[in-house]
Chemist: 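Take a look at this one; I'll ask things after.
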Amino acid sequence: MNSPSSFDLSRRKFIGSCCAAVGTTGLLSALAQLRLIGALAEQPSLSATTPSGQPDYRALVCLFLAGGNDANNLVVPADAATYATYAKGRGALALPRESLLGLTPRTSDGRTFGLHPATPELRDLFAGGKLAILANVGTLAVPTTKAQFQTKSVPLPNALFSHNDQQVQWQSSLPDSKLFTTGWGGRLADLTNAFNDNHTISMSISLAGQNSFQVGRQVSQYAVSPNGAIQPNATGGNLGAIRSKARRELLGTPDENLFATAFAGLTKDAVTDSALLSSILAKEVPFKAEFPKSNLGQQLRMIARLAAVAPSLGLRRQIFFARVGGWDLHDHQVVAGATATGAHAKLLADVSQSLAAFAKATGELGIGDQVTTFTASDFGRTWTTNGDGSDHGWGSHHLIMGGAVKGGYIYGKMPDFVLNGPDDTGRGRWIPATSVDEYNATLATWFGVKPGDLPVILPNIGRFARPNLGFMA
Amino acid sequence: MRSLFRLALPCLGLLWLGLPSAHAADPVKPVVTLTASVATTDETAAKPGVVTFTRSGDLSTALTVSFDLGGTAKPGVDYHEIPTTLTFPAGAATATAAITAIGNFEKDPLRTVFCSLRSDRSYQVGPSDRAIVTITDAPPELFVAALRPTAEAPESTAYGTAVLLLAPDHSRARVTVSHANLSSPFVVAHLKLGDPGHEGAYLMNFHADQRVSFDWTMQPTGQFTSEALAAALDRGLVYAAIDTKNHPTGELRGNFIHATGSVKFQPPANPPKLPNTPPTVRDVARFLTQATFGPTKSEIDEFVHPTPRPNEPPPKPQNFNNWINEQMAIPPSSQLEAMRADYRAFPPNNPRPRINNANRQVAWWQTALTAPDQLRQRVAFALSEIFVVSDVNDALANNPEAAAAYYDMLARDAFGNFRQLLQDVTLSPVMGAYLSHLKSPKADEKRGTSADENYAREVMQLFTIGLNELQPDGTYRLGRDGLPIATYDQGTVVETAKIFTGWGFYSPEPKPNFFGARQNYFQPMMLYPEQHDDGPKTIVGGIRIPAKLGGANDLRLTLDAFFRHPNTGPFICRQLIQRLVTSNPSPGYVYRVAQVFAHNGHGERGDLGAVVRAILLDYEARSPDVLNNIGYGKMKEPLLQATALLRAFNATAANGRYYLPNPEGSLGQAALRSPTVFNFFEPDYVLPGPLAAAGLHAPEYQIFTDTTAISIPNQLRNFIHTPAQPKENVLVLKLDPLLALARTPAQLIDYLDLVFCTGAMSEPARAIAVNTVAQLPPNTSDLERVRCALDLVVTSPEAAIQR
């Protein structure tokens, strides 16, 4: 409903001219290289080894909870007064107070909170300082108050409360741009790919197929299954070997046509890359941590293995994407009368156990301080229930895990859990107090992006007060 | 004035301060003064600046004076260096120093040459001891050469542009040459001087990769003086030419023409005539690859040798024009009906079943694979990749039938008029939901909102005119500066956005509510006049739309303007050619088709049926002569690679369903499921490497990644190597026609070569395939032999590239 910012225009123009003109594809990467030369010169942490002598390596893992996690039931008010508000507001969804896993954050706004009973591993990580909670974060075009929301006197994210739009906005960090072009992870990869000595295997790896987060202009996302590299199939058996050999020969047949040459070249490269990754992964799994057998557990297990082989791949920066669905719990979110159980509890238990295993594995690998995992999701959910579930909301709480995380804190600002109160846009759809941009900027800064370069990754960051929320060491 | 210069030139200021007594007269020595007698000059160097030195006293002997040169102008860069001493000959009271500017290509600010007399024992410095000559900028002259195939290379689809900026002083020229689509590898490029059509005299060689820029110093060359060179250039006698392996005497050539304003357009030459002989099986395979979702062997055979009918004379071979006529007469198949039928036949096992996008994808596959109106459906698919909507958008995800109805609309309009298509697309609530002009209200000053610009921008950028002005052959029109000219700016977008305000869901109610009207995705959007911005607007091309015409008139005038814009024909025609025939059509091909768009021969502009016919019957689509051009053809879209295989062997599942609901997982593509409005790939995508070096666009390669380069052939192999007892929804190929050839590998491969590679498989590739099948272990079953052959051919580069 509002005109896009002037930035969008210039950016779109830039992309347009990029595509129109032959031979300019290298421009962006050259720009990225130049920026990084500056970054390398100014930041000692970006040299080949860190002051502590560890090789310079960093990985970001985006764990996307597709469908909209009801974080109102992940981080739950625990002090008597606020719990009473919670119990009244959430009705049939409310967890028993005695079931909550108590948190002792290092600072407090006076209220106390507990975690969902299905997440004891998260409670331990929080207590151990490896997990931080970011309260009430969500998509924002600009900082927004309730009055501004009601009068629509400021631009709002497009299509709030809509799954696909909000998923894309979380992943693009451009909530008022109507056209998706790139994800913020993709832009981050474009800028930081220069850190990597080798680009054979992309630094952007998805365990969950194509996603918006990792769409870049230069660096393409590389899909890997929880079992490893995707390889040419039908290669088994006697005939399979014969066919593979003939296929290789066909790809090597000289052809003057440049389209055929390019096809053969790219196919050969892809097969070689997949074989390379498979052979690197064929070595013994370098950690003992046991992961849940769930799809998410296996995704994170493969991410740990891929992070472990980063040096063999010549990679000093990696960005991973994992996804687990099933969170759109309009119905059957909890079991009536036993609200600590049900569909939501199962999902949270999987996340909790998988994240704990991942923390353990990266710790064994000695890269616990160099890998940061963060959650993202379409939106939070309504504070009030529709009977046995919750509906689409807005601001929500998220988790950041890793050795470099200043854990044990609740960052951001918890909503005033009052229906029709200052944070409520209706039914307890909280107006985010912190923007996705601020969340992402803090992560990008840790990843090695200079403050001056943040707008390249997060064009809207200048609209918000806190480009660094302080949750990363 | 002086203080200004002191500020600007502090070091010179210091110099003056060091000469406090210079003005005191000395009766013995001559007094020397200087002044700028020609104080301004420019980069043309036609009239140099002049500093005149004057002396008093005894003139009988020569006197040498020295001076300093300063100022913002750099000697040797902005003006020709001169000695800093000057001699008055005996008897002369004055002497002059000339400041001759050097012309360059940039736009420069004023520069100054500051000349100050140095003191010396032999003379006194007079009161006027300094002079300033100002150098002003002059623009270079622009010459442009459109590089087009020579008479020796009639089959070439190459093209290029050479831009020559002649420095204002005619001392040198900056030449930028770009070319694309050469038929064979580059050998050498040169500048020559000679009459058009005649071999000229050699001036210089330059190595031209796809794009090269170099400075040419116009010093005397051979028999030509510098002046002769500039004069020849002015008279259009200098040309750039590019020699290639197949055309050693020149494949591309173009004379530089003085560009005053925009560059004059010259229509490309006509291509050679196509021979009037019946088509061969290879010709037919190629044609059906372009015009359908993939040929079958029996279609090809029937085309060339139609089955005789009882009691009728033996039939003549089909011809392409008649085939097109027959196809265009077939009523459109409906995806919406097919998806509803699929939903009825296979109701989801779900307590609250709803028709969903899986049903729509099933309908797409069923239509692509089995519908009789192949040409219409193929063109509709092409249109769906230009007029993009996507079920990645929530509104469409939740209204799968609406998406199918949109696709049906494209199919219905595929051979109609472009103006109708543009209107249908614009008023489609599906497009409205996707590009957000559905329920877009006029600006509200109180709330600080302005009109939604989304559709206004994309309808121009992607659906009609594009970003830059085009010649009638689709190449860029160039401005006075040698650069492309933008078709519109952000101001135009803001203005055009107002046109698209006030359109909401159709409602039959007497007082429908703009925001609250029940959603209706099956009727065109309706105007809600009170929500429409009825103020004046200025749209593309400076066309003014006066206030108070009403939303319907605003829309009509605006769509008319887009429709009539000279860009729209070449812009849309090029993309349709890219989707059907080749990624890099020559300007001549685009021109010929765009001419049909402009005029179908019966006074109609925008006849898409005529455009499709022109695309498919063009020399560049039909003549085998272009097949050997190294840049001809395109990568088949992954979906089309899949349909080619499934159609060739009439794939069916036991339950009769074409159940491939999420092809994007393996193929990177699914109908109406593009991640962005820019489609899965863009028409100008450039793949770095040899294709880019050759100046070729390679749209489909945008989705050919490390991941899909494996997952696409994996999917094709999954279609081939189906289990012996497949599940009831697995598509199985009917390989019976091949089984008869299982023990004759050469014939087997020839069959597959014809169907998947239009019979163009190279001899070495064919030999690999034939030998591999021939040398399979003796106990290999016929089915496995056939599958092996099929596997090798359909995943080969030859099958993936459409030529």
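All chains are named by letter (A, B, ...) in the order of the sequence lines, taking the proteins before the strands, and each is independently numbered beginning at 1.
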Chemist: Could you look at B:E700 and say if it's the side chain, the backbone, both or neither that has a heavy atom under 4.5 Å from chain A?
Modeler: neither

Chemist: Please walk me through it: do B:D444 and A:K152 pass salt bridge (charged side-chain N to carboxylate O under 4.0 Å, His left out)?
Modeler: CA-CA 11 Å; B:D444 182 340; A:K152 294 191 181 167; over 6 Å; no

Chemist: Kindly compute the distance separating CG (B:D706) from CD (A:Q221), expressed to the nearest 0.5 Å.
Modeler: 12.0 Å

Chemist: Which answer fits B:K442, side chain, backbone, both or neither, if we ask what part of it has an atom under 4.5 Å from a heavy atom of chain A?
Modeler: neither

Chemist: Nearest 0.5 Å, please: how far is CG in A:L250 from CD1 in B:I768?
Modeler: 4.5 Å

Chemist: B:G631 and A:F259: which non-hydrogen atoms are nearest, and at how many Å?
Modeler: O-CE1, 3.3 Å

Chemist: Tell me, for B:N771 versus chain A, whether the close heavy atoms (under 4.5 Å) come from the side chain, the backbone, both or neither.
Modeler: neither

Chemist: Heavy-atom distance under 4.5 Å to chain B: side chain of A:Q167, backbone, both or neither?
Modeler: neither

Chemist: Examine whether an atom of A:T272 lies under 4.5 Å from a heavy atom of chain B, and if so say whether it belongs to the side chain, the backbone or both; otherwise answer neither.
Modeler: neither

Chemist: I need the single residue from B:V773, B:T780, B:T772 that forms a side chain to side chain contact (heavy atoms under 4.5 Å, CB included) with A:I242. Which is it?
Modeler: B:T772

Chemist: Indicate yes or no: at least one non-hydrogen side-chain atom of B:R717 is less than 4.5 angstrom from one of A:P232.
Modeler: yes

Chemist: I need the A:D273 CG to B:I710 CD1 distance, nearest 0.5 Å.
Modeler: 7.5 Å

Chemist: Can you measure from CD (A:E256) to OG (B:S183) and round to the nearest 0.5 angstrom?
Modeler: 9.5 Å

Chemist: Between atom CG of A:N257 and atom CD1 of B:I801, what is the distance when rounded to the nearest 0.5 Å?
Modeler: 6.5 Å

Chemist: If you compare all heavy atoms of B:L792 against all heavy atoms of A:R243, which two are closest, and at what distance to 0.1 Å?
Modeler: CD2-O, 3.7 Å

Chemist: Please report the closest heavy-atom contact between A:Q231 and B:N714, naming both atoms and the distance.
Modeler: O-ND2, 2.9 Å

Chemist: List the atom of B:T707, the atom of A:A223, and the distance in Å for their closest heavy-atom pair.
Modeler: OG1-N, 2.9 Å

Chemist: Looking at B:P797, B:A486, B:A709, which makes the most heavy-atom pairs under 4.5 Å with chain A?
Modeler: B:P797

Chemist: Does any backbone or side-chain atom of B:D391 lie under 4.5 Å from a heavy atom of chain A? Answer side chain, backbone, both or neither.
Modeler: backbone

Chemist: Counting only non-hydrogen atoms closer than 4.5 Å, does B:A698 touch chain A with its backbone (N, CA, C, O), its side chain (CB onward), both, or neither?
Modeler: both

Chemist: Please report the closest heavy-atom contact between B:A765 and A:T253, naming both atoms and the distance.
Modeler: N-CG2, 3.8 Å

Chemist: What distance separates A:D255 CG from B:R803 CZ, expressed to the nearest 0.5 Å?
Modeler: 4.5 Å

Chemist: Given that the side chain runs from C-beta out, which part of A:T151 has a heavy atom under 4.5 Å from chain B: side chain, backbone, both or neither?
Modeler: backbone

Chemist: Do the side chains of A:S202 and B:T705 get nearer than 4.5 Å, heavy atoms only?
Modeler: no

Chemist: If you tally heavy-atom pairs under 4.5 Å against chain A, which of B:G633, B:A497, B:S762 wins?
Modeler: B:G633

